[in-house]
Amino acid sequence: MTSEVFNVYIAVLIATIFGFVLVGSALIGNLILSPRQKSPHKGVTYECGMLPIGRSRAQVHFRYYLFAILFLIFDIEAVFLFPWAVSFVELGEQAFYEMLVFIGILAFGLLYAWKKGVLNWR
Amino acid sequence: MTYEEALFYVIAAITVAGALGVVTARNVIHSALFLILALLGVAAVYVLLASEFLAIVQVLVYGGAVTILILFAMMLTRVRDIEGPLDGPQRPFAALAATVFLGTTVLAVTQTEWRGETDEATVVTIEQIGEALFSTWAMPFEIASLLLMVALIGAIVLARGEEGE
Amino acid sequence: MLGILKALKTTLQAALRKPVTVQYPLEKKELPHRSRGLPVLLWDFDVDEPFCTGCQVCARACPVDCITVTMKDNPKKAAGKSTRKKIVEHFYLDYARCMRCDICVEVCNFDAIVMNNTWEGVELATYDRQDLVLDADALLKQSRTGQLKDPFREPMGVAHSGWSPKVEDDEEAEETEASKEGGEG
Amino acid sequence: MATTDYTIPGEPDLETVDININVGPQHPATHGVFRMVLTVDGELVTDVDPVIGYMHRGNEKLPENCDYRQVIGYHDRTDYLAQFNTEQCFVEAVEKLTGIKPTERSEYIRVILVELNRIMSHLMFIGAFSTDVGIFGTSFMYAFRDREYVQDFFEEITGERMMYNYFRPGGLAWDVPDNFRERCKQVLGHINSGLKDLEGMIVDNEIVLARCRGLSRVSTKDAINWGLTGPLLRATGLEYDLRKAEPYSIYDRFEFEIPTGKDGDVYDRVIIRLEEMKQSVRIVEQALAGLPGGPIMAEGMKRTLRVPEGEVYMRVEGPRGEYGVYIVGTGTDKPYRHKVRGASFCNLSALRAMSIGNYLSDVIIILGSIDIVLCEVDR
Amino acid sequence: MFLLADNVWLDALLRMTIVAVLVPVGVILLTWVERKVIGRLQQRLGPMHVGPFGLLQGIADTIKLMTKEDVRPDSADRPTFELAVFVIVVPVFMAAVAIPFTADIFVRNMALGLFYFLAVSSLGIVGFVMAGWGSDNKYALLGGVRAGAQLISYEIPLILSAVAVAMLGQSLSLYTLVELQDNTPFIAYQPLAFVIFIIAGLAELYRQPFDIPVAESEVVGGPTVEYSGIRWSMFQMAEFVSLVLISALASLLFLGGWVWPFGADNATWLQVVLMVVKTSAFILFFMWMRVSVPRLRIDQLMALCWQILLPFAFLQIIINGLVLVYDWPSWTLTILSGAAAIAMGAIIYRVARRSGVLYQTSGAAEQVGLVL
C-alpha cells in the first residue's frame, strides 16, 4: 500500500524534474542561439517609452491582503470539505448537519465581510 | 528501500536549506520564497510518510494560500534589504527562546518511539479521515470553524481600522 | 447573460461569413482609376521628350516643398523637332515628403505630371531615405515603360488650363514603345 | 542577494506612497501619442496629469504660409479620422469670407461624403473603444471591415484612402464617377449590416453595461462649463448639434434626429455614436435621393483665390464635436491668421475631472470614450 | 493500470517523457488553432503564410522566440525574475500527472487526483506574484497583484464546484468519477456546479472576460511585460497547457470523459476520440468566449466571485448533501441545481442592469474634493 502511494508520487517527482529541465533547456537554448548586444536603454524597464517615475516597488493596496485572508480561510474550509464529500453518505445525517453548521458559521463570516463592505473593494 | 532514504535526505536537505534561507535572506520577499521551498519540502516528507492527504493539504494551504498571504503582507510594507544583523535590546530573550525551543525539539526527537520503516507506516485513506473527523472529532471540527470565523472577523476589523485612518 | 449570448451569436455569425482578408503581397486589390499614388512624370512619345518644361509651377504649389525643378533650353526646339522652347533639366521629387495632395497635377499647365495609379512604385520601403528622392529619369520610368496605362487626368478645379488632348495617342505610343522595349529587352 | 535599498531619503518610513504611472506615449490604450501620468493608490486613480504636444506639427502656423488650396491638405491632417468634415469646415469658411456660393451639386456631394466620413470616424471610435473595454479585437475588426468599404468608396472618388484633399472653395476638385449612386447604396448596405454586428457586440452586453454605465457621469451644466461638444455633450441630454442649431451648408433640407443620452456617462456616449451613425445613413439616403446634376464648381472662380480683408469663424459639427476654423484674410492668397478649434482638445480638458477617483481600468475607458484624435489635439 | 516498464521509476519516466514531448507540440499546435479560430470569428484568415494555411506558423514563432535576445531590466530582482518562469511552468507539469485521458492513457491514477490537481495548480499563482514583483515595473507589479488576487479568489469556487462533483461520486479519484458517468454525465445533475466551474475555470486561465492581470489596454501584459523571447513563451506555454488541463478536467467531471455516451468498456480509440472531442469543445468555447466579451473590472470580478459564485457554490453543496443524505431521486438534483443556475443567471442579469453589486458608481471626483 505504501509503495502504491509512493509509486504515484514518483511520477510527480519526475514531472517536477521534467518541468525544470524543459524550462531550463529552453533558457539554455536561448542563451546559445540568441544574439547579445548590450545597450544601456535595454535595461530600462518599460514604462511607455518614458523613464520610470519614482519607485516601482511601492506597497500594494491593503485590499489584496484582505482577499488573501479570505482565500486562506475558505481554502481551509475546502480542505475539510474534501474528506467530508467522500464519506458523508456513509456517515449519514449527522455528518451532513455538522458540515451545515460549519458552512453556516463561515457563511456568517462571509456575510459579516459583505455587510462591512469588504467584498465591495472600496 | 534505500532510494527512499536517499530521497528523504535530499528532500530534508532542501527543506533545511529553505529554512536557513528564510532567516538569512536579506530581502523579505526572498525570505518568503525560501519559505515556500521549505513548506513544499515538508509536503514531500509527508508523501514519503505515505500521508497523501496531508501532503496535498500542505501544498494547497501552505504552498498556495499562506504563501500568497505572506507575499501580499510583505508587499504591504516597504520592501527593502536589511543590511547587517537585526539587533536590539531583546537579544537575550531571543537567545533564551531559541534555546528552549531547541531543547524541546531535541527532547521530542529523542524521546519519541519511532514507528520504524516507512513501509510499515499506516496508510490512512481520506474516507477514514472523514469518518474520524465527523464522528470522533466532531466538536473540535466545529470549533475550528469558529476559529476561522474569528480570524476572518479579526482581519476585517483590523482592515477597517486601517482604512479609517 | 443574454447580452453575452448575443455577442457570442454575433461572432459565430461572422465566422460563417467569408473572410474579408486580402493577402497583400500575394494578391493585390484592383486599384480604382482615380487611385492616387505618388506623382510621376509623363513622356511625350511623339517627340520623345518629357511633357515637363520645368516651369516650376508644381514646385511652387507643393505644400510640402518636395519638388525641385530646373529648366533648360530645349535642344530639340533648335533642331526643329519639338514645339517646346524649354525643357526640364533636373526634376527631383522626394517621395518621403510627398503628401499626395494632387495639387501638382492640378496646377500643371502642360499635363506633365500625374498621380500613379498602378501598383508599380508604391513600395516605399527602402534602406535609405535618400533612395526615396527620385530624379527625372526615375519619375519618367513608369510612363516610358508603359506600366502607367491610364492615369486619371480629368480637368481639376479652377486652376486647370488645357491639357494635352492626345491621351489616346499617348497611350498607343506608350504601348508600342513598351512592346518595342520589351522585345528589345 | 541584491543589496539595494529602496527607501528614498526624506520619505517617511511607514506611509503608503502612491505610485506614479506613465500611461503613454507608447501605450496600447492611448490612441496616438497621448501621455497621462496617473497617480495610483492600489487600483484607484487619485490624480491624472495629461501631457500633450507629442504630435505638434504647427498645423495652425504652417497654413499661414500656404495659399488657400494648399491649406485644405493640412486640414485633412488635423483630424485624420474626419477629413471631409474638416475640409468642409475650412472650405465653407473661405466661401463665407469671399462670398462664393458653391454649386448645388457640390453641396450635396459634400454632405454625402461628410456624413459617410462621420460614420467612418464613429466606426473607428467603436472599434478602439471596445478594445479599451477589453473585447479582443473583434469589434475592432468588424469596425475596420466596414470602414474599409467606405474608404474604398472614397478612393474611387478622390483617389486617396485617407487624405482626400477633394473639397475646394466653390465646389469640388472634380466630379464624382458615374456609378456614384449605386456604389454609395452598396456602401450604405455594408454599413447597415456592420452596425448590426457592432450592436450585437456592445449594446446590452452585461459586461459593457457593468463597466460603462454610470462611469464618469457629467451633468449638462458641467459639460457646458467644460466646453464639451459633440457626443460628450449630447450624452448629458442636451440636444445640441450644429447641424440643427446653426444649420450650415444644406443641412436644413434634411430630416434627421439628434440622439441624446440621459446620464452623460460612458455608455451613453457609445450608444449615441451608434445612433448617430444611423442618422448619418438617413442623411446620406436623403441627399442621394435629391442629388442634382450640374456643375461642380462655382462660376467665375479665379485661378488664384484671393480672400478679401476680413475675418471669419466657421464651425461645423464634426464627429467629435465642434470643429472650428478662424481665418483672417488680408486680400492676399494666404491667410494672415489661421486658427483651428479642435473638438478633441476641448473635450480632453475634462479628462482629469472625469477620471479622478475612478479605477485604473476605467480611466482607460473614459479616455477612450472622449474619442481623441491626437493630431487634432496637438495640431 | 498497466506499466510501460517493470520498474516504477522507468515507467514514470517514460510516461512523463511522452507528456513532455506532447506539451510543446500541443502548445505549438494550439497557438495556431487559436489564431485561426480567432481569425475566423473576426472574419479574417489568421496566419496564412508559413506552410499550408499557416500551419507551420507555430514552429516559425518558436524559432523566432528561441533566437530572440533575452532582455532583462537592470533593476529587476534577478533571482525572483528568473525563478518566476519555473514557478509558473513546473506546477502545470505536476498537475498534468493527475489527469487521466482515457481508461488506459494516463500518467498516474491518483486516489486523490481531483484534490491533488486543484492543490498543485494553485502553486502557479506564486509565480505571477514573483514575476510581477521581480520585474521592477509598475505595470508588472499591478498585474502581478491583480493576478494573485484574482487567481486565489476563483480558486475557491473552482474547488467548491469540484467538491460538489466529488460528493456525487463519493470519490476524489478522477478515474472513479468518470466511470460513474456511463449513463448520465454529471452535468445533467449539476448544471449549477458546471456553470460555476466554467466561469471559475475561465478566471483561472485569466482569459477574457477575466484577463484583468494581463489586460493589454491597461497594464500592457501585466506580469509578463518585462519578459521577452523564450521566457515570455514559457508563460504562454503554461497558459495553453492549463487551458488543455482545465478543459480536460471539465470534460472528465461534467461530460463523462471517455465513458459517456458509449458506456464504460468501449474501445480505446473511441475513448480517445471522445476525450479529444470533449476537450477541444471546451477549448474552442474558451477561444470563442475570448473574442466575444469585454473585460470585467477588478472590483466587479471580485464581487462576482465572492458575492455570487461562492454563495451559489455553497448552495450546490447543500443541495447535493440534502439529496444524497435523504436519498431523494436523482431528478430532484437536476431540478434544484438547474433552478439555482437559472437564479444565478437572473441575478447576474439583473445586477448588471442596475446599480448594485457588480456595478457601482465610483464616487468619482467628489471624493477627492474636485467638483466637476
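So that the names make sense, note that chain A is the first sequence line, chain B the second, and so on, each numbered from 1. Treat the numbers as computed from the prediction; the structure is a model and nothing was measured.
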Q) For the residue pair V325(E) and G92(A), what are the closest heavy atoms and their distance? A) CG1-C, 4.3 Å

**Q.** Interface residue of largest heavy-atom contact number with chain A, from T67(E), I230(E), I152(E), V71(E), under 4.5 Å
**A.** I152(E)

Q. Chain A heavy atoms under 4.5 Å from I318(E): which part of the residue, side chain, backbone, both or neither?
A. both

Q.
Can you give me the closest heavy-atom contact between T45(A) and D136(E), atom names plus distance?
A. CG2-O, 3.1 Å

Q: Supply the atom-to-atom distance F82(A) CZ to L118(E) CG, rounded to the nearest 0.5 angstrom.
A: 5.0 Å

Q.
Can you give me the closest heavy-atom contact between F88(A) and G321(E), atom names plus distance?
A. CE1-CA, 3.7 Å

Q: May I ask you to decide if the ring planes of Y9(A) and Y116(E) are parallel, tilted or perpendicular, using 30° and 60° as cut-offs?
A: perpendicular

Q: Answer yes or no: is there a donor N or O on one side and an acceptor on the other, between the side chain of N137(E) and the main chain of Y46(A), under 3.5 Å?
A: yes

Q.
Between V220(E) and chain A, with a heavy-atom cut-off of 4.5 Å, which part of the residue counts as in contact: side chain, backbone, both or neither?
A. side chain

Q: Sort L91(A) into side chain, backbone, both or neither according to what part of it lies under 4.5 angstrom from a heavy atom of chain E.
A: neither

Q. Would you say the side chain of D70(E) lies within less than 4.5 Å of the side chain of L31(A), judging by non-hydrogen atoms?
A. no

Q.
Can you tell me which portion of F314(E) sits under 4.5 Å from chain A's heavy atoms? Options are side chain, backbone, both or neither.
A. side chain

Q: Locate the shortest heavy-atom distance separating V97(E) from A15(A); write the atom from each residue and the value.
A: CG2-CB, 3.5 Å

**Q.** Minimal non-hydrogen separation, I317(E) against W84(A), with atom names
**A.** CG2-CZ3, 3.7 Å

Q. Judged by atom type as modelled, is there a donor-acceptor pair below 3.5 Å linking the side chain of Q307(E) to the main-chain atoms of W114(A)?
A. no

(Q) Using side-chain heavy atoms (C-beta onward) and a distance below 4.5 Å, is M110(E) in contact with V12(A)? (A) yes

Q) What orientation do Y326(E) and F96(A) show, parallel under 30°, tilted 30 to 60°, or perpendicular over 60°? A) perpendicular

Q.
Let's test your reading of the structure: which of V225(E), V163(E), V23(E) forms the most heavy-atom pairs below 4.5 Å with chain A?
A. V163(E)

Q) Given side chains that start at C-beta, do those of R72(E) and K42(A) come closer than 4.5 Å, heavy atoms only? A) no

Q.
Looking at chain E, which one of L70(A), D75(A), V44(A), L81(A) has the largest number of heavy-atom pairs inside 4.5 Å, strictly under?
A. L70(A)

(Q) Please classify the contact between L168(E) and chain A as side chain, backbone, both or neither, with a heavy-atom cut-off of under 4.5 Å. (A) neither

Q | Top contributor to chain A contacts, counting heavy-atom pairs under 4.5 Å, from A164(E), S122(E), A20(E), P73(E) | A | P73(E)

Q. Are any non-hydrogen side-chain atoms of E155(E) and F74(A) less than 4.5 angstrom apart?
A. no

Q | L322(E) versus chain A, the contacting section by heavy-atom distance below 4.5 Å | A | both

Q: Given side chain to side chain contact (heavy atoms under 4.5 Å, CB included), test T17(E) with F18(A) step by step and report yes or no.
A: CA-CA 8 Å; T17(E) 314; F18(A) 263 63; 3.6 Å; yes

Q | Pick from E90(A), E77(A), M99(A) with the largest number of heavy-atom pairs that fall under 4.5 Å of chain E | A | E77(A)

Q: Please state whether the side chain, the backbone, both or neither of E69(E) comes within less than 4.5 Å of a heavy atom of chain A.
A: both

Q: Of all the heavy-atom pairs spanning P24(E) and L22(A), show the shortest one and how long it is.
A: CG-CD1, 4.4 Å

Q | Choice from L27(A), I14(A), V21(A), L33(A) maximising heavy atom contacts with chain E below 4.5 Å | A | I14(A)

Q.
To the nearest 0.5 Å, what is the distance between CE on M66(E) and OG on S34(A)?
A. 9.5 Å

Q) About how many Å separate CG of N30(A) and CE of M234(E), when rounded to the nearest 0.5 Å? A) 9.0 Å

